[in-house]
Every structure is written in C-alpha cells, then in structure tokens.
Amino acid sequence: MLSKAQISLITSLQHKKFRTKHGLFIVEGIKSIMEFVHSSYKVQKIFTTDQASTKLVKIPQNIKPTILTESDFSKISGLKNPQGALALVEIPESLALDLNELKGKHSLVLDDIQDPGNLGTIIRTAEWFGIQHIICSIETVDAYNPKVVQATMGSLSRVQLYYTDIADLILKKEIATFGALLEGESIYETDFGQEGLIIMGNEGNGIRTDLIPSIKKAVTIPRIGHAESLNVAVATTVFCSEIARHRMKTGRQQI
C-alpha cells in the first residue's frame with residue numbers, strides 16, 4: 001500500500017518544477033520501462049499491478065518492483081487508461097554540447113517546440129532514422145514531461161538531448177545550417193551534404209525571425225495540395241527521411 005507521501009511525490013512529477021526538485025521523472029508502460037531499465041538511465045523504483053508484473057522480465061536484481069492493487073495504481077498513474085506499470089527514473093546530469101560530436105552527422109535543432117506529443121514523436125522519429133543528437137532551445141517543452149516520455153516509446157533512452165541557446169549555436173557557423181521555412185529551396189532538390197543542423201520551428205510561429213538571417217540554406221517541403229501547413233513532427237519526419245535517402249544514396253547510412 002502506498003503512503004500519502006509517496007502518492008504526493010509521484011503525482012507531483014507531472015510538473016517540471018518538482019521533477020527538477022527531486023531529480024526524477026515518470027515512465028509508464030511495460031515496453032518503455034524495459035527500455036530504460038536496459039539503458040544508461042538509473043531506474044530508482046518500479047510500481048506495478050500484479051497482472052502487469054508478470055510481463056516485467058529480466059529486471060536487474062537491485063530493482064524490486066512494488067506490487068500495487070489496481071486501485072492504488074490508479075492514484076499514481078497519469079494515464080486515462082493505466083497500463084499497470086510505472087517507474088521513477090533519475091534525470092541524468094545535463095551534458096555540455098560538444099560541437100565536435102556533431103561533425104560528420106546531421107542533427108536536429110528545435111526552436112521552441114511546445115507540444116509534448118510533437119517533441120515525443122520527433123525523438124522517436126530521430127531514433128528511427130539514426131539521428132543521435134537533438135538540440136533544443138531553452139523554451140522547448142521539457143523532454144521529461146510524462147507526455148513526451150510516453151510519446152517516445154522508449155526512444156528517449158537512446159537519443160541524446162541538449163537544451164541550450166540555439167541562437168548562439170547557429171551564429172557560430174561551425175557547421176552548415178538548414179532551416180525548415182515556407183520559402184526556400186525544395187527539399188527534394190537540396191544537397192544536405194554530409195553534416196548539418198536541421199532547424200525546425202515552433203508550431204505556430206515557425207523559426208524565430210531573428211534566427212533566419214544566420215541560417216545557411218532555407219529549405220521547404222513543396223505543397224501540392226491545399227493544406228495550410230504541416231504539423232512540425234510530420235515535417236521533421238519528411239526532413240529525416242529525405243536526409244536518410246540522400247546519405248544512403250551517397251553510401252553513408254549513418255545520419
């Protein structure tokens with residue numbers, strides 16, 4: 001049985017200030033929990049219902065799941081339809097961005113992405129296409145928001161994220177920059193080279209106007225139909241797919 005203090009702690013992690021205070025975030029769902037268990041992240045605690053516990057296999061011996069009743073589990077789950085497994089995972093120490101790690105690769109730069117579902121989908125998409133680094137502006141939604149974590153389906157455990165002043169990064173011009181803009185060269189005609197920063201803008205406002213002059217090349221996904229715009233996660237998928245196609249064509253599969 002959970003104490004009121006435990007319930008209060010776990011439910012408070014739905015909010016960024018308490019995640020920061022306690023250095024913990026929530027992972028829900030058996031598949032996602034197993035991804036973090038077998039990653040470099042440190043899983044502090046696992047709570048599960050009796051039924052779900054049978055699906056949690058190959059858990060390290062130092063992590064002993066706490067079995068809860070369905071009623072108690074519903075008190076800590078943030079999902080409308082709880083999956084019966086929830087883990088508390090330690091937030092790793094923030095890493096300083098080393099530009100040398102971006103050399104010879106394509107990396108994503110996110111300018112103030114606000115929707116947790118969009119960020120989660122972008123992280124999952126990045127892993128699918130082999131992108132190892134995602135650089136977020138300070139105002140981008142927190143990657144440890146439960147909705148972001150849920151949407152990544154475990155990919156967060158393998159993709160490296162950084163939060164930094166992306167304006168300063170772009171101004172350094174140490175690596176080519178490509179901006180997703182409405183007016184620009186067709187993505188299907190763009191030569192992305194062997195490395196570069198792919199900058200994706202905010203859902204409603206796109207890339208900040210003060211950043212645009214520093215972007216080396218504006219790139220657009222040609223509109224064929226009549227839709228006003230593309231969802232940023234969908235647009236990011238198109239960019240990742242096209243870059244992957246380009247690299248495979250030139251014999252370099254790693255993005």
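None of these values were measured; they are calculated from a predicted model. Positions are given from 1, in the same order as the sequence printed here.
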Colleague: Show me, pair by pair, the donor-acceptor contacts under 3.5 angstrom made by side chains of residues 224-233, not counting sequence neighbours?
Modeller:
residue : atom : partner : partner atom : Å
N231    : OD1  : A233    : N            : 2.7
N231    : OD1  : V234    : N            : 3.2
N231    : ND2  : N118    : OD1          : 3.1

Colleague: Using a side-chain heavy atom cutoff under 4.5 Å and only I, L, V, M, F, W and Y, what cluster partners does I76 have?
Modeller: L2, I7, I10, L13, L24, I26, F47, L68, F73, L86, L88
Colleague: What are the two closest non-hydrogen atoms of G104 and R247, and how far apart are they?
Modeller: O-NH2, 3.3 Å
Colleague: Who passes side-chain contact (heavy atoms from CB on, under 4.5 Å) against A52, sequence neighbours left out?
Modeller: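 For A52, the residues satisfying side-chain contact (heavy atoms from CB on, under 4.5 Å) (neighbours in sequence not counted) are I30, T48, T49.
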Colleague: Going by the rule side-chain hydrogen bond (donor to acceptor under 3.5 Å, both in side chains), which residues pair with T20 if we only count those two or more places apart in sequence or in a different chain?
Modeller: none
Colleague: Using 30° and 60° as the class limits, which term best fits the ring planes of Y41 and F36: parallel, tilted or perpendicular?
Modeller: perpendicular
Colleague: Describe, in one word, how the ring planes of F18 and H22 are oriented to each other, choosing from parallel (under 30°), tilted (30 to 60°) and perpendicular (over 60°).
Modeller: parallel
Colleague: Just wondering, do S77 and E28 contact through their side chains at under 4.5 Å, heavy atoms?
Modeller: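 Heavy-atom side-chain distance check passes, below 4.5 Å.
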Colleague: Taking salt bridge (Lys or Arg N to Asp or Glu O under 4.0 Å) as the definition, give me every residue that meets it alongside E185, ordered by chain and number, with sequence neighbours left out.
Modeller: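 Per chain and number, E185 pairs via salt bridge (Lys or Arg N to Asp or Glu O under 4.0 Å) with K217.
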Colleague: Has S12 got a side-chain atom pairing as donor or acceptor with L9's backbone, closer than 3.5 angstrom?
Modeller: yes
Colleague: Could you measure the distance from the CD1 atom of I187 to the CD1 atom of I221? Nearest 0.5 Å is fine.
Modeller: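 One gets 5.0 Å once the value is rounded to the nearest 0.5 Å.
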Colleague: For residues 11-21, pull every pair meeting salt bridge (charged side-chain N to carboxylate O under 4.0 Å, His left out), keeping only residues two or more places apart or in separate chains.
Modeller: R19-D142
Colleague: Can you name the nearest heavy-atom pair linking A87 to V43, along with the distance?
Modeller: CB-CG1, 4.1 Å
Colleague: For R124 and M153, work out which heavy atoms get closest and say how close.
Modeller: NH1-CG, 3.4 Å
Colleague: Could you tell me if the side chain of E70 sits less than 4.5 Å from the side chain of Q51, heavy atoms only?
Modeller: yes
Colleague: Please answer whether the main-chain N or O of K216 pairs with a side-chain N or O of T177 as donor and acceptor at a distance below 3.5 Å.
Modeller: yes
Colleague: Which residues, ordered by chain and number, are linked to L99 in its hydrophobic cluster, where ILVMFWY side chains connect at heavy-atom gaps below 4.5 Å, directly or through other members?
Modeller: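 Cluster partners of L99: L95, L97, L102, V109, I135, Y162, I166, L169, I170, I175, L181, L197, I199, I207, L211, I212, I215.
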Colleague: Applying ring-ring contact (aromatic ring centres under 6.0 Å, His included) as the test, list every pair that has at least one member in residues 163-186; sequence neighbours left out.
Modeller: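 Every pair satisfying ring-ring contact (aromatic ring centres under 6.0 Å, His included) with a residue in residues 163-186: F178-F192.
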Colleague: What residues, two or more places apart in sequence or in another chain, satisfy side-chain contact (heavy atoms from CB on, under 4.5 Å) together with D98?
Modeller: N100, E101
Colleague: For the side chain to side chain donor-acceptor pair (under 3.5 Å) test, which of H106, K105, E127, R158 pairs with Q132?
Modeller: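 So, applying the side chain to side chain donor-acceptor pair (under 3.5 Å) to Q132 and each of H106, K105, E127, R158, only K105 qualifies.
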Colleague: Who else is in the cluster with L171 when I, L, V, M, F, W and Y are joined by side-chain contacts under 4.5 Å?
Modeller: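 Listed partners: none, L171 stands alone.
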Colleague: With side chain to side chain contact (heavy atoms under 4.5 Å, CB included) as the test, would you mind laying out the steps for T220 and E183 before giving the verdict?
Modeller: CA-CA 6 Å; T220 189; E183 298 295 332; over 6 Å; no
Colleague: Give a yes or no on whether L182 atom CG has more than 12 heavy-atom contacts from other residues, nucleotides or ligands under 6.0 Å away.
Modeller: no
Colleague: Please check this pair: side chain of S241 against backbone of T237, looking for a donor-acceptor N/O pair closer than 3.5 Å.
Modeller: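 Checked: no pair found.
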Colleague: Sequence neighbours left out, what passes side-chain contact (heavy atoms from CB on, under 4.5 Å) with S186? Give chain and number order.
Modeller: Y188, E189, P222
Colleague: Which pair of heavy atoms, one from K64 and one from K45, lies closest together, and at what distance?
Modeller: O-NZ, 4.5 Å
Colleague: Could you walk me through whether C240 and I198 satisfy the side chain to side chain contact (heavy atoms under 4.5 Å, CB included) test, starting with their C-alpha distance in whole Å, then the side-chain angles of each, then the deciding distance to 0.1 Å, before giving a yes or no?
Modeller: CA-CA 9 Å; C240 291; I198 312 303; over 6 Å; no
Colleague: Not counting sequence neighbours, which residues clear side-chain contact (heavy atoms from CB on, under 4.5 Å) with T69? List them please.
Modeller: S71, D72
Colleague: Considering non-hydrogen atoms only, spot the tightest contact between V149 and A143 and give its length.
Modeller: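 Shortest heavy-atom contact: CG2-O, 3.7 Å.
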Colleague: Can you measure from CD1 (I123) to OG (S157) and round to the nearest 0.5 angstrom?
Modeller: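 So the gap between those two atoms works out to 10.5 Å.
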Colleague: Any heavy-atom pair between the side chains of I113 and C136 that's under 4.5 Å?
Modeller: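 When only atoms from C-beta onward are counted, I113 and C136 do not touch, as no gap falls below 4.5 Å.
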Colleague: Quick one: do I91 and I63 end up in the same hydrophobic cluster if we chain Ile, Leu, Val, Met, Phe, Trp and Tyr together by side-chain heavy atoms under 4.5 Å apart?
Modeller: yes
Colleague: For atom NZ of K42, decide whether the heavy atoms of other residues, nucleotides or ligands shown that lie under 6.0 angstrom number more than 12.
Modeller: no
Colleague: Judged by atom type as modelled, is there a donor-acceptor pair below 3.5 Å linking the side chain of E203 to the main-chain atoms of D115?
Modeller: yes
Colleague: Are any side-chain N or O atoms of Q150 and backbone N or O atoms of N145, one a donor and one an acceptor, separated by less than 3.5 Å?
Modeller: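 Answer holds: no.
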